[in-house]
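Here's the structure, in structure tokens; my notes come after.
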Amino acid sequence: MNFSIRAIGPNGVETLHVEAASHEEACRHLLARNLRPLSVKAADKPAWKKWVSGGTQASFDLQLFSQELLALLQAGLTLTEALDALCEKERRPAVSKILTALRARLGEGQRFATALASQAEVFPPLYCGLMRAAEGTSSLDHSLARYIEYRSRVDQVRRHVTQALIYPGILCGVGLLVSLFLLGYVVPSFSSVYQSSGREIPLASQLLLQWGRFVADNARVLGAISFSLLAAMIWMLRKSGTRKALTASLSGRLRQLPQIGERLQTFELARLYLALGTLLEGGLPVLAALELCDGLVSPVTQKALRQSAARIAEGQPASVAFDEAGLCTPVALRLMRVGERTGQLGDMLARAARFHDGEIERFIARFTRSFEPLLMAAIGVVIGGIVVLLYMPIFDLAGSFQ
């Protein structure tokens with residue numbers, strides 16, 4: 001949900017809008033930016049406004065912005081000149097407003113990371129932290145390149161997952177529509193025909209036809225109920241809090257499944273390794289990087305991540321702290337130990353993320369090859385069963401004529 005926050009920092013009192021799951025998480029985001037909250041209020045937009053406007057964040061492509069800014073910086077422009085050029089070429093009002101506000105804050109003398117943090121609903125904490133580290137090392141172009149690589153890898157894995165779900169989703173959708181058509185139109189039509197025939201029909205067909213008569217007698221009421229449930233479901237899914245609760249619930253149930261739960265845990269850890277490695281390579285210390293990664297993982301992993309951060313603060317090596325908190329795969333543990341010995345912990349974490357990304361992609365390929373035929377068979381059994389039950393009385397009637 002969105003929070004409207006007034007906070008005090010190095011540049012005085014600021015008003016921010018932060019996207020966070022809870023009041024406590026919003027406060028942690030502020031502390032990560034060296035800001036002290038004065039007031040924190042929930043400021044979610046009504047669902048119908050989000051539906052109409054689509055939201056500012058959805059229209060702002062952070063990866064494209066980073067790519068364009070990097071290209072202009074590498075061409076020799078200063079940061080302010082690059083932002084001026086981006087503002088001049090932008091035609092979308094929502095994006096132009098974001099860039100104009102960013103340029104105005106730089107003109108007031110604010111640092112780039114501070115200007116980014118003032119629009120927390122657009123620029124996530126990880127991005128702001130990476131830019132803050134770049135300011136200390138004067139390597140903004142390198143940090144932008146690291147973030148672009150990070151987003152590209154995350155999007156690549158997501159794209160593989162999405163592509164793997166498209167065909168099963170189409171099968172389920174078509175199967176559901178055909179089943180609803182049979183149960184909502186064909187079965188009621190057959191039930192009226194069989195009812196007037198006066199013949200005795202099998203029990204299974206009787207149950208199906210009773211459903212058909214019920215639908216025929218209450219068509220308007222059932223239609224109104226179905227439409228209301230669909231509208232209520234869409235309205236609830238538009239609320240960020242509901243989406244996060246459903247996602248957390250679904251993730252918790254999937255984690256209990258054999259093989260699937262293990263792969264989901266590996267996917268989450270790979271994302272954590274990639275983000276943490278990107279921040280460490282960008283120049284952030286381990287504890288600051290861990291704090292910025294806190295919002296990227298599930299609540300269960302968040303608890304383990306905070307435990308590991310506490311142990312690292314006590315002086316334990318990161319590999320030991322991660323292993324004791326259950327955040328290390330065997331491959332990642334060995335790579336982290338090598339990174340600690342050579343001083344390249346960030347690079348080793350990125351290597352661990354790439355290794356597990358390849359493992360996840362291979363698992364997705366194997367899973368889809370075996371799951372899709374089973375799904376097609378299950379849909380065929382359901383639709384075929386409905387059709388057979390409808391025609392059983394006709395078969396019985398044909399047998400009596402013989």
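- Remark: Leu79 CG to Leu106 CG distance equals 5.5 Å, nearest 0.5 Å.
- Taking 4.5 Å as the limit, some side-chain heavy atom of Pro124 sits within range of a side-chain heavy atom of Leu62.
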* To do: Test Arg158 against Arg271 for side chain to side chain contact (heavy atoms under 4.5 Å, CB included), laying out the working first.
  => CA-CA 11 Å; Arg158 286 179 175 173; Arg271 186 182 178 189; 3.3 Å; yes
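- Contact of the Phe123 side chain with the Leu102 side chain is registered, since non-hydrogen atoms from C-beta on lie closer than 4.5 Å.
- Under the 3.5 Å distance criterion, with hydrogens and angles disregarded, no donor-acceptor pair is assigned to the side chains of Thr114 and Arg105.
- Ring geometry for Tyr127 versus Tyr147: interplanar angle over 60°, hence perpendicular rather than tilted (30 to 60°).
- Of the charged side-chain nitrogens involved, none lies within less than 4.0 Å of a carboxylate oxygen, so that Asp357 and Arg153 do not count as a salt-bridged pair.
- Atom SG of residue Cys328 and atom CZ of residue Arg334 lie 10.5 Å apart, to the nearest 0.5 angstrom.
- Shown here for Ala365 and Thr368, the closest heavy-atom pair between the two residues is O-OG1, 3.0 Å.
- The shortest distance between side-chain heavy atoms of Ile170 and Ile166 falls below 4.5 Å.
- Electrostatic pairing of Arg159 and Asp155 does not count as a salt bridge here, judged by no charged N lying under 4.0 Å from a carboxylate O.
- In this structure, the side chain of Ser143 does not engage the main chain of Leu140 through any donor-acceptor pair within 3.5 Å.
- Interatomic distance, CG of Leu292 versus CG of Leu126, reported as 6.5 Å (0.5 Å rounding).
- Between the side chain of Glu90 and the main chain of Arg92, a donor-acceptor pair closer than 3.5 Å is present.
- Side chain of Glu340 to backbone of Ala318: a donor-acceptor contact under 3.5 angstrom is found.
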* **side chain to side chain contact (heavy atoms under 4.5 Å, CB included) between Met131 and Arg111, intermediate numbers included** => CA-CA 10 Å; Met131 297 305 111; Arg111 291 181 175 272; over 6 Å; no
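- Judged purely by distance below 3.5 Å, without hydrogens or angles, the side chains of Thr301 and Glu268 pair a donor atom with an acceptor atom.
- Residues Ser226 and Leu229 have side chains not in contact (no heavy-atom distance under 4.5 Å, counting atoms from C-beta outward).
- Classified by interplanar angle (parallel below 30°, tilted 30° to 60°, perpendicular above 60°), the ring pair Tyr273/His356 is tilted.
- For the atom pair OG of Ser66 and CG of Leu64, the computed distance is 8.5 Å after rounding to the nearest 0.5 Å.
- Across all non-hydrogen atoms, the minimal contact from Cys293 to Leu279 is SG-CD1, 3.8 Å.
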* So Met336 and Leu349, side chain to side chain contact (heavy atoms under 4.5 Å, CB included) or not? Walk me through it. -> CA-CA 7 Å; Met336 287 181 70; Leu349 284 169; 3.7 Å; yes
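- Side-chain contact, Gln63 with Ser152: a donor N or O sits under 3.5 Å from an acceptor N or O.
- The heavy-atom pair separating Ala270 from Ala353 by the smallest distance is O-CB, 3.4 Å.
- Ile379 and Leu171 make their closest contact through CD1-O, 3.3 Å (heavy atoms, listed as atom of the first residue, atom of the second, distance).
- Atom CG of Leu272 sits about 11.0 Å away from atom CD of Gln302, to the nearest 0.5 Å.
- In terms of heavy atoms, Ala82 sits closest to Leu73 at CB-CD2, 4.4 Å.
- With Glu281 contributing its side chain and Arg146 its backbone, the two residues share no donor-acceptor pair below 3.5 Å.
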* Please test Thr78 against Glu81 for side chain to side chain contact (heavy atoms under 4.5 Å, CB included), starting from the C-alpha separation and ending with a verdict. => CA-CA 5 Å; Thr78 64; Glu81 290 172 342; 3.1 Å; yes
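- Side-chain atoms of Tyr150 and Val154, non-hydrogen and from C-beta on, do get closer than 4.5 Å to each other.
- Side-chain contact check for Arg103 versus Leu99: every heavy-atom pair is 4.5 Å or farther apart.
- Distance alone, capped at 3.5 Å, places no donor-acceptor pair between the Glu372 side chain and the Tyr167 backbone.
- Taking 4.5 Å as the limit, every side-chain heavy atom of Trp235 sits out of range of all side-chain heavy atoms of Leu230.
- In this structure, the side chains of Gln156 and Glu361 come closer than 4.5 Å at one or more pairs of heavy atoms.
- Here the CG atom belonging to Leu327 is positioned 7.5 Å from the CD atom belonging to Gln265, to the nearest 0.5 angstrom.
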